[in-house]
Amino acid sequence: MVERNEIELKLQEANRRQLLQGKIDRREFLSRSMVAGLGLAGVGVASKYGVGPAYAAEGRPLTPTFYDWIEGLHPGIPGVNERFPGINYQIAPVQGFGIERFVAESKKSDSTWDVYVGQTPFVEMTSLIEADVIEPWDNYIPADVIDDIIPSIREECSVNGKLYNWPFLLDVVGMGWHSGVTNKAGLVDSAPATWDEFLDGANTIKESGAAPFGATFDAHGWRSVAPLAHSRSSDVYTPEGLFDFTSDAAVEALVLMKKIMQTSNPDILLSGASDGGVNGTPDEVAFSTQRVGYYVKYFNAPLRMAQYWDDPKQLHMGPLPKFSGGEGSTVFWTTGCALFKHGQNKEKAAEYIKSLTYDRQIWKDSIAGTETAHVGQLPPYSSIYKEWGETKPDWMLPFVGLVRGQLDRAKAIDNHLFGLSQFQIGQPFWEAFLKGEESDPRVAMQNVTDAVRAEMNRG
Amino acid sequence: MDRGAEIIIPRSVGTAREPKIRQSISAWIFLIPALTFFVCYQVYPIFRIVWISFTDFEFLSTEPANWIGFGNYIEAYNDPLMWKSMGRAALFTVMFLPGTIIFPLILAILVDRVRHPLLATVYRLILLVPALIPSTLVFVLWKWMYNYQIGPINYMLVEVFNIFTYYNAPQWLGGTNLTLPSIAIMEIWWGLGYHAIFFLAGLASIPRDMLEAARLDGANEWRVFWHITLPRLAPIMMILVVLRFGTSMAVIDEYLIFGGFNRGAPTYTWTVYMYDQAFNIGLWRQGFAAAVGMIGAAVMVFFVAGLVYIFRPRG
């Protein structure tokens, strides 16, 4: 009975749309509605007289699927959904970046969903392209939107000139500090310009007893080795797109990590509490419990952790420090939207994603925070920053300009099938140096390269 | 020979066979649902995995899989990481298995001695509480308990007893030498009551008069336990050992949650390696992962056979 009612409802909705679009006249609309209202018996008649094809032509409603953390951190999304009546909004079965369901459906030339919101280019985009699961947005995204995407982000989201990721949420790696801790340690309340200053400050914090630990970072390679190497030089990728672990910048980054670790929480190398150890990491615990002064991570992490402080206003953020003579770059990535090759409603999906990614309420909530979250993720469009530059909203926070400024110098991790897993494969080898099991950082990094190569050569 | 006799003999044979055939057909008809389920749900996946293990099947590849014979098996056999990860699983099993038998056995014997009916029931219910907690909650609970910085265990060690500081306190999870024992303790706690109930069922089946007779003959409690109780519990022990050996060698959820994909971590066992190859690395080499799985399964079957032999009921 429920199914029959649903079919009747969909038929009536399809009729209503066709009437509004001028495809049928009022007389036809009334006749079809009457036929559809006959229930299942009427469906057969409806098919015979053209209502069935009308319904089929409409197909299913727009069906986006989101990685669940996005919904949790951005409470404005339901507001966007309200502008798309009938939308079938879903949460994706992708815990821990698992894309197997998408691939399995694609092998049968099928997709339950039309668009996936939660794709990070260097993490899973290449895999989804290789498996023929997604297609480029180029045929559906309006030209003015493409032109509006900040160039470095557009480059990150493109493969062979095609845009496979419609960017949504921007994250840039930088540093944050707890001014309550740094003031107590007698440090100047400003971001250290160089890594030497950073290390001096971290040591001062620890030795002064202002906090148990001086500095901390997230030990996952794409959040530590890569951004720290970029601060020396962003030219750390092989021609095929792998991270060059044996480059001078990468080796210097590793040595720097070891120096920072001397002031950090001892559990810094342990895995995190969720998403296969990737999230809920020890650095987050240290910073949220106000036990550390300096913090290196993508900007939304310190913002989220500071919510648990006695006074969240004691959080300050700045760019990553530089190596002397270094480039001063960092790492950024976007979390964006993938278009399923075998999905439906592709034009509608583009319309929805445009609406979603330009939604001012989402950006206001992300920057100014809500009762439930303060994410600090930023938009990927030039026009929005320009608009904020011309008329500064009263809720605007200083870190936005900082992140935007960093973006001009930041570089994304190159897209590659091993974009993420090269860091997972290599972690035990560079940790051998960090733990003192290997004394030479170059040997450790060579071992990383060898391990990644060996894995790639397997198949 | 008259005509009637000619007719009667075949008829008598026919009537004897027909019910048997009918019975046989009807038996097969009734068996069809169970057989279909068994073949589709149990047999087919195993054969499918065996077949995949002989191919170069990559899940993300759009190319068809090719038959490569024992290629994956040879590669897995020569892969140090596979054997290292298998060794880690064996190490965990050695830490976990004795505890999961001995502690529930002691607990069951203690609870079995409670004579007050209401108290006996309450104890049994309390024993089952951990087994009723969903796995996710158990993992969250113990992840918090073991947390280096904010966990209650380290809080006690650092703040209350001042045995350690926050610079040298034990790192229970996430890739240290303490990780596997910590997970084993969690697993033993989780299964304590559930396994004790198995032993309680076994203890209930031992005739009381047999125990009383032994005591009247002068046997002390240890001799009663060793010569009467323990042999009677051997079949239950065998079931538990075999079942828990299988699950402890093949643990994966806990390892993924507590250790992720860090190949240097003690939680990177052969099951995680298999998962890593099948769903994480490169084009997802599921042919190779299947071969790793088959080798792991073969090793487990070998040891299970040994355990069944050791714990076989005697006497």
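Quantities reported herein were computed from a predicted structural model and do not represent experimental measurements. The chains referred to below are lettered A, B, ... by the order of the sequence lines, with proteins before strands, and numbering in each begins at 1.
Heavy atoms of B:Phe258 lying under 4.5 Å from chain A belong exclusively to its backbone. Heavy atoms of A:Ser127 lying under 4.5 Å from chain B belong to its backbone as well as its side chain. Both the backbone and the side chain of A:Ala104 come within less than 4.5 Å of a heavy atom of chain B. Only the side chain of A:Asn265 comes within contact range of chain B, judged by heavy atoms closer than 4.5 Å. Contacts of A:Glu431 with chain B are made by side-chain atoms alone, with heavy-atom separations under 4.5 Å and no backbone atom involved. At a 4.5 Å heavy-atom cutoff, the contact between B:Tyr167 and chain A is made by backbone and side-chain atoms alike. Contacts of B:Asp56 with chain A are absent, with no heavy-atom separation under 4.5 Å from either backbone or side chain. Contact annotation for A:Ala286: both backbone and side-chain heavy atoms come within less than 4.5 Å of a heavy atom of chain B.
Using bins of under 30°, 30° to 60° and over 60° for the plane-to-plane angle, the ring pair B:Phe245/B:Phe303 lands in the tilted bin. Note: B:Tyr73 and B:Phe54 have tilted aromatic rings, judged against thresholds of 30 and 60 degrees for the angle between ring planes. Between A:Tyr67 and A:Trp69, the ring planes are tilted. Angles from 30° to 60° get that label.
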Exercise. Could you please spell out the steps behind the salt bridge (Lys or Arg N to Asp or Glu O under 4.0 Å) verdict for B:Arg285 and B:Glu75?
Key: CA-CA 12 Å; B:Arg285 301 175 66 225; B:Glu75 186 186 337; 2.9 Å; yes
Quiz item: Yes or no on side-chain hydrogen bond (donor to acceptor under 3.5 Å, both in side chains) for A:Asp267 and B:Gln171, after CA distance, side-chain angles and deciding distance?
Solution: CA-CA 7 Å; A:Asp267 60 339; B:Gln171 297 177 24; over 6 Å; no
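Side chain of A:Trp333 to main chain of A:Thr120: no donor-acceptor pair is present (N/O by atom type, distance under 3.5 Å, no hydrogens or angles).
Looking only at atom types and distance, the side chain of B:Thr247 has a donor-acceptor partner in the side chain of B:Arg244 under 3.5 Å away. No side-chain N or O of A:Glu455 forms a donor-acceptor pair with one of A:Gln424 less than 3.5 Å apart.
For the side chain to side chain donor-acceptor pair (under 3.5 Å) with A:Asp283, the lone residue among A:His220, A:Lys297, A:Arg223 that qualifies is A:Lys297.
Chain A forms the most heavy-atom pairs under 4.5 Å with one residue out of B:Gly260, B:Gly264, B:Gly282, and that residue is B:Gly282. For the options B:Thr62, B:Ile281, B:Asn280, B:Asn262, heavy-atom pairs under 4.5 Å to chain A are most numerous at B:Asn262. Chosen from B:Phe59, B:Phe139, B:Tyr268, B:Tyr166, the residue pairing most often with chain A at heavy-atom distances under 4.5 Å is B:Phe59. Between chain B and the residues A:Leu269, A:Leu128, A:Val285, A:Thr126, the most heavy-atom pairs under 4.5 angstrom are made by A:Val285. When each of A:Ile425, A:Thr289, A:Asp132 is scored by its heavy-atom pairs under 4.5 Å with chain B, the top score falls to A:Ile425.
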